[in-house]
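Only one structure is covered here, and it is reproduced in the block below.
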Amino acid sequence: MPGTLLVRPPSPRLAEGELTHLDRVPVDADLSRRQWQEYRTTFAARGWQVHELPAADAHPDGVFVEDTVVVFDDLAVLTRPGAASRRGEVASMRPVVEGLGLEVAAIEEHATLEGGDVLKVGRTVYVGRSSRTDDAGVDQLRTLLEPRGWRVVPVPVTRVLHLKSAVTALPDGTVIGHEPLVDAPELFDRFVPVPEPEGNAVVVLDDRTVLLSASAPRTADLLRDRGLDVVTAPVTEFEKLEGCVTCLSVRVR
Ligand code: CIR
């Protein structure tokens, strides 16, 4: 099930990115670039087609492309980030998703929505009501998706930046998260706690393989005990900016 992976190289100004819950610490720009290269190679080695967006070096958070578009079947929804500093990242995503032959819609002013708040599990779309995504953003997404057979479920997010900073889904639809960071685990049909905060985020590479941060070795063991293959990638420089393995790419399957 490999598909197309959309990525954007990290800005040399990554260290100036937005911070909401973490304190600012030094970021190694060279290491961030090496980690990003390794991240994309992890996908390319498994048959993913990597599509690199043009650099947007004026945008410190531009590497976190996941926040700028969400894809549902053949529909790409361009977002309107809640962080004003990030709104300029969206325009360069439009020609990319058009070029992939996707139908394109957009979240309209004054609503806000960021891709990190959107978690798909089967035909259910959980949307984080966070500091970046507001009720109007959830409503616009629902209007776009419900006629297409998706169920939209708002979820409170107060303890981390985005919904997917708290929870993600395994290939079988089980939602995982580090419980102290999850506002309402009972909203998910099946929820399994993981021992590390960096263990909440997985990217499904195929039916039996997930990508996980190298900062979460105990979660890797837990997932392997569940019968999954676990591939790890070091993403420390992005974690310092409240990023994780999901937000460094958009997966178009
Ligand atoms: C921000 O605050 O917008 C960036 N520093 C981090 C964005 C991470 N995105 C994501 O988890 N989807």
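Numbering of ligands and ligand atoms starts at 1, following listing order. Please read these numbers as outputs of a predicted model, since none were measured by experiment.
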Q. Taking only residues two or more places apart in sequence or in another chain, which ones pass side chain to side chain donor-acceptor pair (under 3.5 Å) with Asp172?
A. Thr174
**Q.** Close-range residues for ligand 1, whose non-hydrogen atoms fall below the 4.0 Å threshold
**A.** Glu18, Asp61, Phe64, Glu66, Asp67, Arg86, Gly116, Arg132, Leu161, His162, Leu241, Glu242, Gly243, Cys247
(Q) Using the side-chain contact (heavy atoms from CB on, under 4.5 Å) criterion, which residues pair with Asp57? Sequence neighbours excluded. (A) Ser11, Pro12, Ala55
Q: Please answer whether the main-chain N or O of Leu22 pairs with a side-chain N or O of Glu242 as donor and acceptor at a distance below 3.5 Å.
A: yes
Q) Residues two or more places apart in sequence or in another chain: which of them pass salt bridge (Lys or Arg N to Asp or Glu O under 4.0 Å) with Arg208? A) Asp229
**Q.** Shortest non-hydrogen separation from Ala214 to Thr232 and the atoms involved
**A.** CA-CB, 4.0 Å
(Q) Could you check whether Thr236 and Gln35, counting side-chain N and O atoms only, form a donor-acceptor pair closer than 3.5 Å? (A) yes
